> 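Quick one: the structure is below, questions incoming.
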Amino acid sequence: MLLVNSTCSMAGSNITGSTLATTYFFNSSIILFLFLSFTKVIGAEVNIYSHRQPFLINPFLEKFTEETGIKTNVVYATKGLAQRLKAEGKNSPADVILTVDIGRLYIYDDLDLLASIDSSVLDKNIPQNLKSPENKWFALSKRSRIIVTSKERVDEGQIKKMEDLANEKWKGKICSRPGSHVYNRALMASLILSLGEQAAEEWAKKFVNNLSRRPQGNDRAQVKAIFEGQCDISIINNYYFGKLKYSEDPSQREWAKSVRIIFPNQGVGERGAHINISGGGVAKYSKNKKEAVALLEFLSKAQSQKMYGEINFEYPVNPSVETTEELKSWGSFKSDSLPIISIAQKAYEAQKIIDRVGW
């Protein structure tokens, strides 16, 4: 606590009552100013639990602090943060949750770990199908699950939709990361919603029968496998193509050159390409809710939305923000307009199918 002595001895002095009042008012004003400034400094911070890697979110946080003066503190982990937040309860220091994949975000909601917030900025910037019905979480960027094929071994136009990957002509030609990964589980959930559970499972069986090897590796590994001739076709998140294309590693740039990207299900009357999100919400027991909401609002605005494209090769969720020129060069596409929450709600059924077919 900052203490300022504002008493004044009048013994032997010629200070008038008016002068004393002015002096007292002046000193009191200084005390009030210093106290409020001190309070602002110690309160202007936001604590973040993040599933996103630091190098992906640090540029956003640095810009946020530069523009608002609000300090950011980040705890990063790939897993276990929801359980940590639940265990901490009211004593948790967390203010904001940032994560990728609707399934992971929905877990926080399902465990009642997020606060419902009222923000006209977020209402304006985030479409209804990309946020919680109760305003507990919000999409901040979009990514599409796309098909990649060998430029040399698969002719352009042979594959146009996700359902085509079940065609037996591709037997021994497809490689994939494990189906139980959240990205593929979300894709499976979207197929259940679009095709029905029975047809979606039939697709999954045929897809697995077409695999050239057991499911393994991450999305980058699938592109590498195509480059090396281990398979001809795979499914990846679109931003991995950008990361490979502009990698500092020359070999990874060669992997990217070897594949063609396809946004599936673009025909007239078709549902569009499956999308997933990165997103965030305010922790239920946040001690800095005002600052937490300010961070989410900042991430939904034009400057940040453009940064998602420039840094992460992700698409804006804010409808007033244009896609970056690099992403435009990959081709425009129609997104599946399913409420993103419905994909999370079908995750359990999706995982059961994945287990049954051995994906």
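Just so it is clear, the model here is predicted, and its values are computed rather than measured.
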> Same hydrophobic cluster for Leu187 and Ile277, using side-chain heavy-atom links shorter than 4.5 Å among ILVMFWY?
no

> I want to check something: taking the side chain as every heavy atom from C-beta on, are Phe138 and Leu130 in contact at a cut-off of under 4.5 Å?
no

> Do any N or O atoms from the side chain of Lys287 and from the backbone of Ser92 form a donor-acceptor pair under 3.5 angstrom?
yes

> Does Lys63 pair with Glu66 as a salt bridge, N-O distance under 4.0 Å?
yes

> Please tell me whether Asn318 and Ser320 have a donor and an acceptor in their side chains that are separated by less than 3.5 angstrom.
yes

> Thinking salt bridges, do Asp112 and Lys86 make one under a 4.0 Å N-O criterion?
no

> May I ask you to decide if the ring planes of Phe263 and Phe333 are parallel, tilted or perpendicular, using 30° and 60° as cut-offs?
parallel

> Quick check on Lys71: does its NZ atom have over 12 non-hydrogen neighbours (other residues, nucleotides or ligands) under 6.0 Å away?
no

> With a 4.0 Å cut-off, would you call Lys171 and Glu168 a salt bridge?
no

> Begin from the C-alpha positions of Ser119 and Glu297 and carry the test side chain to side chain contact (heavy atoms under 4.5 Å, CB included) through to its verdict.
CA-CA 8 Å; Ser119 166; Glu297 290 177 342; 2.6 Å; yes

> What about Ile107 and Tyr285, same hydrophobic cluster or not, with Ile/Leu/Val/Met/Phe/Trp/Tyr joined at side-chain heavy-atom distances under 4.5 Å?
no

> Can you tell me if Arg185 uses its side chain to pair, donor with acceptor, with the backbone of Ser180 under 3.5 Å?
yes

> Just by modelled atom types, is the Ser337 backbone N or O under 3.5 Å from a matching donor or acceptor in the Ser335 side chain?
no

> Given the rule that I, L, V, M, F, W and Y join up when any side-chain heavy atoms are under 4.5 Å apart, are Ile126 and Val96 in one cluster?
yes

> With a cut-off of 6.0 Å (strictly less than), are more than 12 heavy atoms of other residues, nucleotides or ligands near CZ of Phe55?
yes

> Using a strict cut-off of less than 4.0 Å between a Lys/Arg side-chain nitrogen and an Asp/Glu carboxylate oxygen, indicate whether Lys142 and Glu314 qualify as a salt bridge.
no

> May I ask you to check whether over 12 heavy atoms, not counting those of Lys352, lie within 6.0 Å of atom NZ?
yes

> Pro264 and Ile147: which non-hydrogen atoms are nearest, and at how many Å?
CB-CD1, 4.0 Å

> Side-chain heavy atoms under 4.5 angstrom apart, residues restricted to Ile, Leu, Val, Met, Phe, Trp, Tyr: same cluster for Ile353 and Tyr183?
no

> With a 4.5 Å limit on heavy-atom distance, are the side chains of Ile233 and Val154 in contact?
yes

> Determine whether a donor-acceptor pair (N or O, by modelled atom type, separation under 3.5 Å) exists between the side chain of Asp95 and the backbone of Asn47.
yes

> Under 3.5 Å, side chain of Asn218 to main-chain N/O of Ala221, donor-acceptor pair present?
yes

> Please evaluate residues Leu295 and Ile48 with respect to the criterion side chain to side chain contact (heavy atoms under 4.5 Å, CB included), reporting the C-alpha separation (whole Å), side-chain torsions for both, the decisive distance (0.1 Å), and the verdict.
CA-CA 10 Å; Leu295 175 58; Ile48 302 162; 3.7 Å; yes

> Salt bridge or not for Lys328 and Glu322, using N-O below 4.0 Å?
yes

> Under a 4.0 Å N-O cut-off, is there an ion pair linking Arg177 with Asp219?
yes

> Assess the residue pair Asn210 and Trp170 against the criterion (side chain to side chain donor-acceptor pair (under 3.5 Å)); give the C-alpha distance rounded to whole Å, side-chain angles, the decisive distance to 0.1 Å, and a yes or no.
CA-CA 6 Å; Asn210 285 341; Trp170 304 121; over 6 Å; no

> Looking at Glu88 and Arg84, does any basic side-chain N land under 4.0 Å from a carboxylate oxygen?
yes

> Phe60 and Tyr308: aromatic ring centres closer than 6.0 Å?
yes

> Crowded around Lys169 NZ? As in, over 12 foreign heavy atoms under 6.0 Å?
yes

> Is it true that Arg271 and Glu163 make a salt bridge, defined as a side-chain N closer than 4.0 Å to a carboxylate O?
yes

> Report the C-alpha separation of Ile57 and Gln53 in whole Å, then their side-chain angles, then the decisive distance to 0.1 Å, and conclude whether the side chain to side chain contact (heavy atoms under 4.5 Å, CB included) test is met.
CA-CA 7 Å; Ile57 65 168; Gln53 297 180 58; over 6 Å; no

> Kindly say whether Gln230 contributes a backbone atom to a donor-acceptor pair with the side chain of Ser212 at under 3.5 angstrom?
yes

> What distance separates Ile159 CD1 from Asp164 CG, expressed to the nearest 0.5 Å?
6.5 Å

> Quick one: does any side-chain atom of Thr65 pair with a main-chain N or O of Glu62 as donor and acceptor, under 3.5 Å?
no

> Should the ring pair Phe313 and Trp330 be called parallel, tilted or perpendicular, given that the plane angle runs from 0 to 90° and is split at 30 and 60?
parallel

> Would the number of heavy atoms belonging to other residues, nucleotides or ligands and lying under 6.0 Å from CD of Gln198 be above 12?
no

> Atom CD in Gln158, atom CD1 in Ile262: separation rounded to 0.5 Å?
9.5 Å

> Any donor-acceptor pair under 3.5 Å linking the side chain of Lys289 with the backbone of Lys284?
yes

> Between Gln216 and Arg214, is there a donor-acceptor pair closer than 3.5 Å when you use the side chain of the first and the backbone of the second?
yes

> Arg143 and Ser278: side chain to side chain contact (heavy atoms under 4.5 Å, CB included), yes or no, with the steps?
CA-CA 8 Å; Arg143 65 279 299 277; Ser278 76; 4.2 Å; yes

> Are the side chain of Asn265 and the backbone N or O of Met162 linked by a donor-acceptor pair below 3.5 Å?
yes

> Check this for me: Lys224, atom NZ, are more than 12 non-hydrogen atoms of other residues, nucleotides or ligands nearer than 6.0 Å?
no

> Quick one: do Lys245 and Glu326 make a salt bridge, cutoff under 4.0 Å?
yes

> Indicate, with yes or no, if Leu140 and Ile275 share a hydrophobic cluster defined by side-chain heavy-atom contacts under 4.5 Å among Ile, Leu, Val, Met, Phe, Trp and Tyr.
yes

